[in-house]
2 protein chains.
Amino acid sequence: MKKKEILKKSLLFNGLPDEQLDALCSISVSKKYQRGQAVFHDGEPGNGFYMVASGKVKIFKLSTDGKEQILHIFGVGEPFGEVPVFHGTPFPASASTLAASELFFFPRLEFINLLKANPSLALSMLAVLSMRLRRFTTQVENLTLKEVPGRLASYLLYLIEEQNREEEVVLDVPKGQLASLLGTTPETLSRIFAKMSEEGLIKVAGKTIRLLDLERLRER
Amino acid sequence: MKKKEILKKSLLFNGLPDEQLDALCSISVSKKYQRGQAVFHDGEPGNGFYMVASGKVKIFKLSTDGKEQILHIFGVGEPFGEVPVFHGTPFPASASTLAASELFFFPRLEFINLLKANPSLALSMLAVLSMRLRRFTTQVENLTLKEVPGRLASYLLYLIEEQNREEEVVLDVPKGQLASLLGTTPETLSRIFAKMSEEGLIKVAGKTIRLLDLERLRER
DNA sequence: TTTATTTTTTGACCTAGATCAATTGAAGAA
DNA sequence: TTCTTCAATTGATCTAGGTCAAAAAATAAA
């Protein structure tokens, strides 16, 4: 697909006038990444942000003893890595691809110039960051106020929404990564999948999960 | 202190030209709150954001069974409650005062008009939201990759930085609230204070805490 | 000061879930 | 197909920290 098409479809740039899209096209650079490749590292300075053109990217924190917490997984059309652009500080987390991916890179200065000239672009960016804040809010809520089964339940319900499905979702990450996203271990997650299956809440078949009882999932 | 002075000192509005400060003054409204009063509730629609003029405000989530997780505590000059302004969705969390407070309220439409006319204001707001994202990042990191003693240690180190002290900090919240901020219970927090004292890491005297061994605190 | 109310601390106990270790299963390479 | 390798499951055990209950401090009110 053409670059302009992708930008146009993204939540961030959707609705912008044609000439602004062209400007965005011309300042951004496409980069290709293999599966599992690092995009940037926690603590590195950043001089621009990225948008997923194809593939999937995880943003994560590593503890000193090597444990990983995934903060978010970004798919096509989603921008990431903006913090250094607007706040000037280094990347607060690391990013690497979960699949072979193409990313668009928007250099800081050029983008800020566009922003200055186009208030509506600034407002879109504010909207994107606000949505991000909201997500963090619910992530903290899930991590601290719910136990693991509840977190899994909300993730499955989130997927069903995101994938516009009625009762079946397809995991977008290997189960090990899902554990890291939910703040638990693969072992625990596996047990919980088993228990929820026994209880008739879900039916697991590889990466496909059928949600049998939305009602009870919701009250987790 | 005069309103304009407070706005001028805030990180968000600091550095703006005089006439913009005047405009901000004229669109914002001052509201007074008693200690413990609710400012807004999780899920409510919002038609503007706030800035602390005096006092202190906590942003928090409540679980269905009444447990509280504090997301952040805002002091003088800090804006909060912006998500609905830029993303249009309801407040993602609740806010109430931790002390008698005065808040400035900035109505959505008027503020957005100012933004549109002043790119630098938009950039400041982007910087503020980016900083907020960074904070959430470290909060998730602390909650999931560190255990409670480690979280307390980073909070104390954060305070010593914030308060520009060498070795003594003053807790800005009652201990019960601190527990909720660190994602634990008052009982556990109390035990950890005791243990860290025994170990010679800190010396607790009411709300004043002397950090005896920054080195070892850091490696928690 | 004395009393009442809230906050903090301490003790005893319990559970969610992490860790360690071993097995099974699945997916890609030869 | 058969190896090889990595991911997922299952079992057994351990522990951080939550819960419940009571005592002790600290604050506020009278």
Side-chain angles (χ1 to χ4, degrees), chain A residues 34-36 58 62-70 98-100 141-155 170-199 202-209 220, chain B residues 34-36 58 62-70 96 98-100 142-155 170-199 202-209 220:
Chain A
Q34 303 171 303
R35 173 191 145 94
K58 70 169 172 184
L62 288 179
S63 74
T64 41
D65 53 316
K67 265 195 300 185
E68 172 191 272
Q69 170 69 44
I70 296 184
L98 287 174
E141 175 187 17
N142 286 334
L143 289 170
T144 60
L145 298 177
K146 290 181 187 166
E147 14 207 68
V148 186
R151 293 180 218 160
L152 176 57
S154 18
Y155 187 71
V170 180
L171 292 184
D172 53 351
V173 266
K175 286 187 181 158
Q177 297 290 300
L178 181 56
S180 159
L181 184 63
L182 299 181
T184 183
T185 59
E187 293 96 322
T188 297
L189 185 59
S190 177
R191 284 179 237 272
I192 287 171
F193 267 123
K195 188 143 58 84
M196 287 178 125
S197 301
E198 276 174 31
E199 290 172 354
I202 57 175
K203 185 148 170 45
V204 185
K207 295 209 158 263
T208 303
I209 297 176
R220 273 304 183 134
Chain B
Q34 303 170 302
R35 173 191 146 95
K58 70 171 171 183
L62 289 179
S63 74
T64 41
D65 54 316
K67 267 195 299 185
E68 173 191 271
Q69 170 69 44
I70 296 183
S96 57
L98 287 174
N142 286 333
L143 288 171
T144 61
L145 299 177
K146 290 182 187 167
E147 17 207 67
V148 186
R151 295 180 217 160
L152 175 57
S154 14
Y155 186 71
V170 179
L171 292 184
D172 53 350
V173 266
K175 287 187 181 157
Q177 298 289 301
L178 180 56
S180 158
L181 184 62
L182 299 181
T184 184
T185 58
E187 292 96 322
T188 296
L189 184 60
S190 176
R191 284 179 236 271
I192 288 170
F193 267 123
K195 188 143 58 85
M196 287 178 125
S197 301
E198 276 173 32
E199 289 172 354
I202 57 176
K203 186 150 170 39
V204 184
K207 295 209 158 262
T208 303
I209 298 177
R220 272 306 182 130

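Keep in mind that this is a model prediction, so the values were computed, not measured.
- Rounded to an integer number of Å, the gap from Lys195(A) NZ to dT9(D) P is 15 Å.
- Rounded to a whole Å, the CZ atom of Arg191(A) is 9 Å from the P atom of dG11(D).
- Listed nucleotides: dG17(D), dT19(D), dT19(C). Nearest to the side chain of Glu147(B): dG17(D).
- For DNA chain C, no neighbouring residue in residues 177-186 of chain B is found when judged by any heavy atom under 4.0 Å.
- Under the rule for a salt bridge (charged side-chain N to carboxylate O under 4.0 Å, His left out), the partners of Glu199(A) that lie at least two apart in sequence or sit in another chain are Arg220(A).
- Between Lys175(B) and the phosphate of dT9(C), there is a side-chain N or O to OP1/OP2 separation shorter than 4.0 Å.
- Rounded to an integer number of Å, the gap from Ile192(B) CD1 to dT9(C) P is 12 Å.
- In this structure, Leu189(B) atom CG and dT10(C) atom C1' are separated by 14 Å, rounded to whole Å.
- Rounded to whole Å, the distance from CD on Glu187(B) to C1' on dC20(D) is 9 Å.
- Atom NZ of Lys203(A) is surrounded by 12 or fewer heavy atoms from other residues, nucleotides or ligands within 6.0 Å.
- When the side-chain nitrogen and oxygen atoms of Thr188(B) are compared with OP1 and OP2 of dG17(D), none of them lie within a distance under 4.0 Å.
- Closest to the side chain of Val148(B), out of dA8(D), dA21(C), dG17(D), is dG17(D).
- The listed nucleotides are dG17(C), dT10(C), dT19(D); the one nearest the side chain of Lys67(B) is dT19(D).
- An end-to-end axis angle of 50° holds for the helix from dT1(C)-dA30(D) to dA30(C)-dT1(D), taken from five base pairs per end and rounded to 10°.
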